[in-house]
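Below is one structure, written out as C-alpha cells; comments come after it.
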Amino acid sequence: MADSIPFDRLERLLDDESIPVVHRALWLLLWESDVRVLDLLAIDVAEVARIRPAPERPLGKRADGLLDRLIGDRVAGPLFAVGPRALSWDEAVRAARAHGHAVHAFRTSGRQHR
C-alpha cells in the first residue's frame, strides 16, 4: 500500500461514482482538513460545522458538494452514515484498502499537498 497518495490519484478516486459517496467524502475531508479519522466518523449531521473550517481556510467546492450529497435532507444522525447507522472504522479501513491505500494516507498525503 502506498504511503502517499498523489493528487491525481485522489482525483480519480473522487470521480469514481462506483465508490459510495460516504467513502469519497471521508477521503476528501481527510485530505482537506486536519480532523482525524475517528473524529470524522464520530461527527453527527448537526455538528457538521466542526469540520467546515474558518473563512480563512474554507473547504473546497468539491468537499462542500460531497458533504451536501452525504447529508441530503437529514438533520440528525451520523454524518458518515451507511443506512441508519454510522460508517464503522473497519468499513472505512476496508474501503481504502480495496482502492490501494491506508485510510490514514488520505490525511497525511493531504497535509503534504496543503
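One finds the CG atom of L66 at 8.0 Å from the CG atom of L70 (value rounded to the nearest 0.5 Å). Taken from CG in L79 to CG in D44, the straight-line distance is 8.0 Å, to the nearest 0.5 Å. Going from atom CZ of R12 over to atom CD1 of I19 covers 11.0 Å, rounded to the nearest 0.5 Å. The CZ atom of R111 sits 11.0 Å away from atom CG of L30, with the distance rounded to the nearest 0.5 Å. To the nearest 0.5 Å, atom CG of residue D64 and atom CD of residue E32 are 8.0 Å apart. Here the CG-CD distance, from D16 to E11, works out to 13.0 Å after rounding to the nearest 0.5 Å.
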Going through the checks in order, is the side chain to side chain contact (heavy atoms under 4.5 Å, CB included) test met by L26 and L40?
-> CA-CA 8 Å; L26 176 65; L40 277 176; 3.8 Å; yes

Run the numbers on L29 and V35 for side chain to side chain contact (heavy atoms under 4.5 Å, CB included), then give the verdict.
-> CA-CA 8 Å; L29 288 171; V35 182; over 6 Å; no

Take R24 and R62, measure what side chain to side chain contact (heavy atoms under 4.5 Å, CB included) needs, and give me the verdict at the end.
-> CA-CA 10 Å; R24 292 183 289 138; R62 188 176 216 166; over 6 Å; no

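Side chain to side chain, R9 and H101 meet the donor-acceptor criterion of an N or O pair below 3.5 Å.
Put simply, the side chain of L28 reaches to within 4.5 Å of the side chain of L10, judged on heavy atoms.
Evaluation of the salt bridge (Lys or Arg N to Asp or Glu O under 4.0 Å) test over residues 75-92, restricted to residues two or more places apart or in two chains, returns R85-E91.
Heavy-atom minimum distance, Q112 versus S4: OE1-OG, 3.1 Å. Nearest approach of W31 to I5, heavy atoms of both residues: CH2-O, 3.2 Å. Nearest heavy atoms, W89 versus V37: CZ3-CG1, 3.4 Å. Across all their heavy atoms, V45 and P78 have their closest contact at CG2-O, 3.8 Å. Contact between R74 and A81 at its shortest, heavy atoms only, is NH1-CB, 3.5 Å.
The aromatic ring centroids of F106 and W27 lie less than 6.0 Å from each other.
Under a hydrophobic-cluster definition in which Ile, Leu, Val, Met, Phe, Trp and Tyr are linked whenever side-chain heavy atoms come within less than 4.5 Å, directly or via other members, F80 and V75 are assigned to different clusters.
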